[in-house]
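Remarks on the structure that follows.
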Amino acid sequence: MLTQEALATGVDEQWAEEVRRLAAEQDAVILAHNYQVPAIQDVAHHVGDSLELSRIAAEVEESTIVFCGVHFMAETAKILSPEKRVLIPDQDAGCSLASSITADQLRAWKAEHPGAVVVMYVNTTAEVKAETDYCCTSANAVQIVEAIPEDKEILFGPDMFLGAHVERQTGRKMHVWMGECHVHAGIEPDHIQDTLAQYPDAEMHIHPECGCSSQCMYLLSTGDLPADRTFVLGTGGMVRRMQESKADTFIVATETGMLHRLRHENPAAQLIPANERAVCGYMKMITPPKLLRCLQTGRDEVTLSPEIIEAAKVPIERMISIL
Ligand code: SF4
């Protein structure tokens, strides 16, 4: 059943039925990232963060994966399921953080630091992953760095806020790439302090997904956010905390698309975005008409060379093995 929000976007039951019919006809599973528009989250077979979706992509039985998210995420699905056809409704749905480092730049950086271990946020292209030793997410970056021998130099990228947070948490000096996600500009310290002051009894929940929230994690580690009412939680953890907490209002620091799922799973809670303007325009390039077109025409297929797939799989699997 489509929500009121979905219907308000001009998407109707007929669109949803046609999307599901075509998916069944083509043996396709539709995966949607938490930052997708509500109509796409509602019609998808699975909704989750990038790591959850990668795991699902590797396990599903369908021969085609339609990935509603940004391009590097669809690439990760292809790396983990190379025998499957992976489609993305718009191949131009990029990521400002992933674009902040290219494979050539990484190769040049490695040449300046021979023998260094490369740890890259999962928000990178497949070509960059192919040059990487360990992938990480915001949720496991500290654990990954702690697993690397003390005497090794570390090149960490491309998110400078996550890099600073990890340095602070581990007490370890690293070489950090100065990349960033444009969306966190909508979740700046002043906005957060204003919102906290406006809701003095509210808890603050930071979702450690994507570059848009890494600045908040850094602020928490510097003591600029109230530690007694700030929590860093994944989606399941947020839902549980909201059910257990005495608070009835929660400030959520992440891209605003996440609120759709949280409201659905926790209708009694009052959810306030840390900033309404924290919207990832790349994620929103995946629209309901493009999803339908994708199923009708096969646009756009994600293709990677076998060499890139083989090399890029290594840091992803290392990351998963450390968890
Ligand atoms: S929110 Fe930022 S890091 Fe996440 S996909 Fe969008 S641009 Fe990339």
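At least one side-chain heavy atom of L291 sits under 4.5 Å from a side-chain heavy atom of V66. Within the 4.5 Å cutoff, side-chain heavy atoms of Q26 are placed close to those of R85. Using a 4.5 Å cut-off on side-chain heavy atoms (C-beta onward), M204 and F231 make no contact. Annotation: side chain of H207 is not in contact with side chain of V252 (no heavy-atom distance under 4.5 Å).
Annotation for V47: hydrophobic cluster partners, listed by chain and number, are none (ILVMFWY side-chain heavy atoms under 4.5 Å, direct or chained). Hydrophobic side-chain contacts under 4.5 Å tie M120 into a cluster, directly or through other members, with I101, L106, W109, V118, V128, L155, W177.
R20 places no side-chain N or O within 3.5 Å of a backbone atom of W15 that could act as its donor or acceptor partner. Judged by distance alone, the side chain of Q36 and the main-chain N or O of M283 form a donor-acceptor pair under 3.5 Å.
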**Request:** Please report the C-alpha distance between L31 and I65 in whole Å, then the side-chain angles of each, then the deciding distance to 0.1 Å, and finally whether the side chain to side chain contact (heavy atoms under 4.5 Å, CB included) criterion is met.
**Result:** CA-CA 7 Å; L31 308 184; I65 293 167; 3.8 Å; yes

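The CG atom of D201 lies 13.0 Å from the NZ atom of K246; values are rounded to the nearest 0.5 Å.
When all heavy atoms of E52 and G48 are compared, the pair lying nearest together is OE1-CA, 3.0 Å.
Applying the salt bridge (charged side-chain N to carboxylate O under 4.0 Å, His left out) criterion to K284, with sequence neighbours excluded, gives E255. Applying the salt bridge (charged side-chain N to carboxylate O under 4.0 Å, His left out) test to R293 and every residue at least two apart in sequence or in another chain returns nothing. Legend: residues meeting salt bridge (charged side-chain N to carboxylate O under 4.0 Å, His left out) with E25, ordered by chain and number and at least two apart, are R21. Residues passing the salt bridge (charged side-chain N to carboxylate O under 4.0 Å, His left out) test with D224: none are found, sequence neighbours excluded. Under the rule for a side chain to side chain donor-acceptor pair (under 3.5 Å), D194 has no partner lying at least two apart in sequence or in another chain. Taking the side chain to side chain donor-acceptor pair (under 3.5 Å) definition, one finds that R241 meets it with E203, sequence neighbours left out.
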Kindly list each side-chain donor-acceptor pair under 3.5 angstrom involving residues 160-169, sequence neighbours excluded, with atom names and distances?
unit_1, atom_1, unit_2, atom_2, d
H165, ND1, M217, O, 3.3
E167, OE2, K173, NZ, 3.3
E167, OE2, M174, N, 2.8

Which pairs of donor and acceptor atoms, one on a side chain in residues 73-83, lie under 3.5 Å apart (sequence neighbours left out)?
unit_1, atom_1, unit_2, atom_2, d
E75, OE1, A126, N, 2.7
T76, OG1, F72, O, 2.9
K78, NZ, P82, O, 3.1
K78, NZ, K84, O, 2.8
S81, OG, A57, O, 2.9

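By the rule that hydrophobic residues join a cluster once side-chain heavy atoms approach within less than 4.5 Å of another member, V279 and V37 end up as members of separate clusters.
Applying the ring pair (Phe, Tyr, Trp, His ring centres under 6.0 Å) definition to pairs two or more places apart or across chains, those involving residues 270-305 are H182-Y282. Residue pairs satisfying the salt bridge (charged side-chain N to carboxylate O under 4.0 Å, His left out) criterion with at least one member in residues 294-314, sequence neighbours excluded, are absent.
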